[in-house]
Enquirer: 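The structure is given below, and queries will be raised subsequently.
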Amino acid sequence: MPPKKEIDLKNLDLTHIYTPEEIEYINEHLKTHINFENGRLLPISQSPIANEAVVHEISRQLGNWNVETGQNGIVTTSQGGYNFSVSGQKKIRAPHIAFIPENIYSSLNKTQLLTFLGQPFTPIFVAEVVNVSKEAIFNEVDIRFKNDYFATGTSVKLGWLIDPRNHMIWTYEKDDDDENVTRQKHKWEDLDGGDILPDFTLDIEFVEKIISQKYEDDELLIEEVKENEDKEGKPMKKIWV
């Protein structure tokens with residue numbers, strides 16, 4: 001159903017609160033899915049290629065496990081949006097990697113599968129691949145895990161925050177009564193999926209191969225960025241290598 005008021009898709013308003021019908025209309029006509037929170041558009045930044053390669057590698061291993069062990073679930077990556085509106089806050093989120101077991105996926109109706117207008121549902125596992133060397137970024141992602149992915153009423157039982165650039169891993173798990181979330185830091189080594197992903201182990205060696213290239217001109221790159229900042233009077237984004 002088209003929205004009552006015509007929407008200018010070339011000039012979407014980041015401050016406007018869109019209705020569920022308008023959100024569906026925007027996603028359908030832009031041929032993409034955009035993150036929304038309480039009806040407001042959330043800008044999505046592009047990822048460096050190495051970061052996306054790590055996302056693909058983790059999803060590849062998870063996908064192989066899904067098939068080889070007969071899980072018959074669904075693995076999604078950063079274009080797979082979920083309606084995390086179960087706690088009353090209207091939030092569409094697209095984790096870098098997520099897994100839905102067969103019983104949840106097979107129970108979804110057409111509206112849930114093809115739109116964001118049906119009954120909200122969430123995966124049981126999510127993972128984010130982020131460079132969290134800055135405290136502000138880590139806090140932002142940490143809040144996303146606790147307040148969105150593990151909000152009361154979601155199905156998420158296990159979460160991984162993986163920072164391949166700095167060789168850091170954190171896991172998030174709900175306790176047995178689903179009331180508290182435990183965050184734990186791990187060594188940069190193979191990661192076990194536990195009871196949520198039975199018999200799955202992330203082989204960190206394949207992730208390491210993606211990000212293990214050494215660049216002797218790393219310091220030159222940093223100096224070049226600083227020099228360009230001085231010349232143009234505005235900061236430039238440092239390429240993640």
Enquirer: Please answer whether the main-chain N or O of T171 pairs with a side-chain N or O of Q184 as donor and acceptor at a distance below 3.5 Å.
Expert: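 No, because the side chain of Q184 does not come within donor-acceptor range (under 3.5 Å) of the backbone of T171.
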Enquirer: Linking I/L/V/M/F/W/Y whenever their side-chain heavy atoms sit closer than 4.5 Å, directly or via other members, would L113 and F84 fall into one cluster?
Expert: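 Both belong to a single hydrophobic cluster.
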Enquirer: Please report the interatomic distance CD1(I74) to CG(L62), rounded to the nearest 0.5 Å.
Expert: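 Between atom CD1 of I74 and atom CG of L62 there are 11.0 Å.
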Enquirer: Ring centres under 6.0 Å, that's the criterion: do W170 and F138 meet it?
Expert: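 Between F138 and W170, which both carry aromatic rings, the centre distance is below 6.0 Å.
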Enquirer: Could you check whether any side-chain heavy atom of V132 comes within less than 4.5 Å of a side-chain heavy atom of N166, counting everything from C-beta outward?
Expert: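 Sidechains of N166 and V132: no contact.
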Enquirer: Hey, what's the ring geometry for W188 with H167, parallel, tilted or perpendicular (30° and 60° as the breaks)?
Expert: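 The rings of W188 and H167 lie parallel, inter-plane angle below 30°.
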Enquirer: Check step by step if side chain to side chain donor-acceptor pair (under 3.5 Å) holds for Y82 and T154.
Expert: CA-CA 11 Å; Y82 296 88; T154 72; over 6 Å; no
Enquirer: Would the number of heavy atoms belonging to other residues, nucleotides or ligands and lying under 6.0 Å from CZ of F121 be above 12?
Expert: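 Yes, CZ of F121 has more than 12 neighbouring heavy atoms, counting only those of other groups under 6.0 Å.
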Enquirer: Would you compute the distance between atom OG1 of T76 and atom CD1 of I97 and round it to the nearest 0.5 angstrom?
Expert: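 Nearest 0.5 Å value for the OG1-CD1 distance: 9.0 Å.
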Enquirer: Minimum heavy-atom separation for P164 and I162, please, with both atom names.
Expert: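 That would be CD-O, 3.3 Å.
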Enquirer: What are the two closest heavy atoms between P101 and I124, and how far apart are they?
Expert: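 Result for this residue pair: CD-CG2, 3.7 Å.
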Enquirer: Would you find a donor on one side and an acceptor on the other, under 3.5 Å apart, between the side chain of Q112 and the backbone of N109?
Expert: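 At least one qualifying donor-acceptor pair exists.
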Enquirer: Using modelled atom types only, decide if a donor and an acceptor are shared between the side chain of N51 and the backbone of V129 within a distance under 3.5 Å.
Expert: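 Yes; judged by distance alone, with no hydrogens or angles, the pair exists.
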Enquirer: So, N66 side chain and N72 main chain: donor-acceptor pair closer than 3.5 Å or not?
Expert: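 It does hold such a pair.
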Enquirer: Nearest 0.5 angstrom please: E57 CD to E208 CD, how far?
Expert: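 One finds 12.0 Å between CD of E57 and CD of E208.
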Enquirer: Could you please spell out the steps behind the side chain to side chain contact (heavy atoms under 4.5 Å, CB included) verdict for F99 and Q71?
Expert: CA-CA 10 Å; F99 176 74; Q71 301 294 322; 4.2 Å; yes
Enquirer: Between atom CG of D199 and atom OG1 of T69, what is the distance when rounded to the nearest 0.5 Å?
Expert: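 Answer rounded to 0.5 Å: 7.0 Å.
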Enquirer: With rounding to the nearest 0.5 Å, note down the distance linking CH2 in W65 to CG in L202.
Expert: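 These two atoms lie 12.5 Å from each other.
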Enquirer: Could R60 and F206 be counted as a cation-pi pair, given that NZ or CZ must be under 6.0 Å from the ring centre and within 45° of the axis?
Expert: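 Geometry flag: set, cation within 6.0 Å and 45°.
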Enquirer: Hey, mind stepping through H96 and V130 against side chain to side chain contact (heavy atoms under 4.5 Å, CB included) and telling me if it holds?
Expert: CA-CA 9 Å; H96 287 158; V130 185; 4.1 Å; yes
Enquirer: What is the minimum heavy-atom distance between I104 and S107, and which atoms define it?
Expert: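 For I104 versus S107, the nearest heavy atoms are O-OG, 2.6 Å.
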Enquirer: Are I137 and I211 linked, directly or through other ILVMFWY residues, by side chains that come within less than 4.5 angstrom of each other?
Expert: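 Yes.
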Enquirer: Is a side-chain donor or acceptor of D190 paired with a backbone partner of I204 at a separation under 3.5 angstrom?
Expert: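 Checked: pair present.
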Enquirer: Kindly determine whether W160 and H186 satisfy side chain to side chain contact (heavy atoms under 4.5 Å, CB included), including the steps that lead there.
Expert: CA-CA 10 Å; W160 291 349; H186 291 256; over 6 Å; no
Enquirer: Give the minimum heavy-atom separation between P95 and V126, together with the two atoms involved.
Expert: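 Looking at all heavy atoms of both residues, the shortest contact is CG-CG1, 3.8 Å.
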Enquirer: What closest approach, in Å, do Y172 and K146 show between heavy atoms, and which atom pair accounts for it?
Expert: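 Y172 and K146 have their closest heavy atoms at CE2-CE, 4.2 Å.
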Enquirer: Below 4.5 Å, heavy atoms only, C-beta onward: do V181 and F145 meet side chain to side chain?
Expert: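 No, every pair of side-chain atoms sits at 4.5 Å or beyond.
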Enquirer: Can you measure from CG (N103) to CG (L108) and round to the nearest 0.5 angstrom?
Expert: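 It comes to 10.0 Å.
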Enquirer: So, the side chain of D175 versus the backbone of N180: is there a donor-acceptor pair under 3.5 Å, distance only?
Expert: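 Judged by distance alone, yes, a pair lies under 3.5 Å.
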Enquirer: For the residue pair K174 and A151, what are the closest heavy atoms and their distance?
Expert: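 Result for this residue pair: NZ-O, 3.8 Å.
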